[in-house]
Amino acid sequence: MIGAGFAGLSAATHLAINNFSVTLLEKNDSPGGRARKFESQGFTFDMGPSWYWMPDVFEDYFSHFGKKPTDYYELIRLDPSYSVIYGKDDVLDIPANLNEFKARLEEIEPGAAVQLDKFLAQAKYKYQVGIHDLVKRPSRSLMEFASLALVKDVMRMDIFQSMSSHVRKFFKSDKIIRLMEFPVLFLGGTAGNIPALYSLMNYADIALGTWYPKGGMHEIIKGMVALAEEKGVKIQYNAEVEEIEIEQGEAKRIRLTTGEKIRTDVVIAGADYHHVDKHLVNPKYSNYSEEYWDKRVLAPSSLIFYLGIGKKLTNLRHHNLFFDEPLAPHADAIYTNPRWPEAPLFYACVPSVTDGMVAPANMENLFLLIPLAPDLEDSEEMREKYYEMIMDRMEEITGQEIRSHVVFKRSYALSDFKADYHAYKGNAYGLANTLKQTALLKPSLKNKKVSNLFYTGQLTVPGPGVPPSLISGYVVAKEVIRENS
Ligand SMILES: Cc1cc2nc3c(=O)[nH]c(=O)nc-3n(C[C@H](O)[C@H](O)[C@H](O)COP(=O)(O)OP(=O)(O)OC[C@H]3O[C@@H](n4cnc5c(N)ncnc54)[C@H](O)[C@@H]3O)c2cc1C
């Protein structure tokens, strides 16, 4: 196994309980991949994911091993779930309680509560079929989707309509539309190019809630590592794979950058797909051409700031979406005419609002994220320019000085994603879930020319995000088990 991210850990543990002897090779000195953490000056920063959605997927994962998430971490449901900042004195807190949420919508657009019920009824159906069935299919053959019941379901799943037009059938208010379109940003696209199937994300958001594992998102990784090791997975850190040695269409050995060679019967690569396909195998065994990869719609990269603030902040919740600028020009800068955006939307996470463990007393842990097009030129000057830009806005909108209280600061962007994870074009979240990159149209989880080389993670099925990565590991493990029994 290559890569100790969510997908690699999931695949490894599923194989281990099926009597495979599994060694997991990780290039970095700690597990988690994009969900690593670091500590400095008493602050604990989650490096990547911060939204814990779809708690049932985590329950499902641990239940495969006779466990529960709470065996490893304590979960807190956030209330408000998050805050949407449309401008100064124009802030919408999203209550965890559904009736309160409806009341809030009704204040913005009379009739929206009834519309929400209809919208959510469809979204719930999509969630149940999508998350509990469709995403668990390996998507290697059309026949997997050929049963009559499923064809009927697929039609109800709204695959051929965009989220953007779907949402507008229910709501008129620009504020509500932006709110309903926000969750698809997690899928690496915009409401215009993401199928309405993914209103299932609204069900996850509104009905299932936003949760937080005490100690931070990395606690999930800690739990998964403990479980993997309990089941017999051997994890080697600082073990960067340089080549998968293939003979006559079969992967035989894995060579590390140290020169060490490890004999193998099956390889599952949880590292970025493009890196494996283009750099770890002899080009004659690549699954896809460089042109194919270049044409994929990647999910965005990000510019991130991890900040330690030497005082308590006001007017900020745990999750804060700064929607005080229009989305369209920012989306254009990510997808259509890639460039550094003129006036980006951004996200601020302050986990210390909920959890005193992630910052010293009377201080705040502040994570700022600006989504960016992949493959942009990344420089210190640009990072600083955007730091000042979003700090100006945040200070003005929340009515307080923040910059002058920064006691710790680290930035992270495209070049770091490339250096740390071999991320193709410096992507943060893998491949976007556009219609043309769904199910069978995603890079395949198996190599077509190498009989025992499989792929998992956010660039193959089912897609980006923590829950899909967990499922990806499960799906690939099932395929390996099926082919080897
Ligand atoms: C900034 C950010 C915010 C996010 N926010 C959220 C969120 O709030 N909620 C959510 O659900 N999802 C979120 N995501 C997405 C989610 O974190 C990812 O989809 C998920 O973690 C991907 O897991 P993975 O196992 O596919 O890949 P990775 O985590 O990238 O794991 C791949 C592993 O392979 C290793 N590797 C690479 N090359 C080699 C090699 N040659 N040899 C050995 N090892 C190698 C890497 O070091 C890495 O550990 C976010 C992602 C980012 C980056």
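Because the structure is a prediction, the values reported are computed rather than measured. Indexing begins at 1, ligand by ligand and atom by atom, following the structure's order.
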Identity and distance of the protein heavy atom lying nearest [atom]:
| atom | value |
| --- | --- |
| atom 21 (O) of ligand 1 | F6 CD1, 3.6 Å |
| atom 8 (O) of ligand 1 | W51 N, 2.8 Å |
| atom 23 (O) of ligand 1 | S469 OG, 3.5 Å |
| atom 36 (N) of ligand 1 | A271 CB, 3.7 Å |
| atom 44 (N) of ligand 1 | K27 N, 3.2 Å |
| atom 42 (N) of ligand 1 | V241 N, 2.9 Å |
| atom 18 (C) of ligand 1 | Q458 OE1, 3.1 Å |
| atom 25 (O) of ligand 1 | A7 N, 3.0 Å |

Close approach of [X] to ligand 1, heavy atoms, under 4.0 angstrom:
| X | answer |
| --- | --- |
| L459 | no |
| S10 | no |
| A35 | no |

Test the [X]-[Y] pair against the cation-pi criterion, namely NZ or CZ under 6.0 angstrom from the six-membered ring centroid and within 45° of the ring axis.
| X | Y | result |
| --- | --- | --- |
| R393 | F346 | no |
| K278 | Y424 | no |
| R410 | F408 | no |

For the residue pair [X] and [Y], categorise the inter-ring angle as parallel (less than 30°), tilted (30 to 60°) or perpendicular (more than 60°).
| X | Y | value |
| --- | --- | --- |
| Y127 | H132 | perpendicular |
| H275 | H422 | parallel |
| H319 | Y347 | parallel |
| W51 | F182 | tilted |
| Y273 | Y455 | parallel |

Test item: V57 and V466 side chains (from C-beta on) under 4.5 Å apart, heavy atoms:
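No, every pair of side-chain atoms sits at 4.5 Å or beyond.
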
Within the structure provided, determine whether H279 and E242 are in side-chain contact (heavy-atom separation under 4.5 Å).
no

Which ligand 1 atoms, with their elements, are less than 4.0 angstrom from a heavy-atom of [X]?
| X | answer |
| --- | --- |
| A428 | 53 (C) |
| P467 | 11 (O) |
| F417 | 53 (C) |
| L25 | 43 (C), 44 (N) |
| I304 | 1 (C) |
| I2 | 42 (N), 43 (C), 44 (N) |
| E240 | 41 (N), 42 (N) |
| A239 | 43 (C) |

[X] and ligand 1 - part of the residue with a heavy-atom distance under 4.0 Å:
| X | result |
| --- | --- |
| Y52 | neither |
| Y429 | side chain |
| H422 | side chain |
| H275 | side chain |
| L369 | side chain |

Give yes or no for whether the N/O distance cutoff of 3.5 Å, strictly under, is met between [X] and ligand 1.
| X | result |
| --- | --- |
| P464 | no |
| N28 | yes |
| V466 | yes |

Measuring from [atom], which candidate in [options] has the nearest non-hydrogen atom?
| atom | options | answer |
| --- | --- | --- |
| atom 30 (O) of ligand 1 | E243, R34, E26 | R34 |
| atom 32 (C) of ligand 1 | G3, G33, G270 | G270 |
| atom 4 (C) of ligand 1 | G457, G5, P49, G8 | P49 |

Got a donor-acceptor contact below 3.5 angstrom from the [X] side chain to the [Y] backbone?
| X | Y | result |
| --- | --- | --- |
| N28 | S30 | no |
| S472 | S469 | no |
| D272 | H274 | no |

For N238, give me all partners under side-chain contact (heavy atoms from CB on, under 4.5 Å), at least two apart in sequence or on another chain.
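Per chain and number, N238 pairs via side-chain contact (heavy atoms from CB on, under 4.5 Å) with D29.
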
Looking only at the side chains, is there a donor atom on one of K446 and N287 sitting less than 3.5 Å from an acceptor on the other?
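On atom types as modelled, these side chains do not qualify, holding no pair under 3.5 Å.
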
Distance-only donor-acceptor check, side chains T434 and N193, under 3.5 Å:
no

Just to verify, what does H64 make a ring-ring contact (aromatic ring centres under 6.0 Å, His included) with, not counting sequence neighbours?
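H64 satisfies ring-ring contact (aromatic ring centres under 6.0 Å, His included) with H14, Y474 only.
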
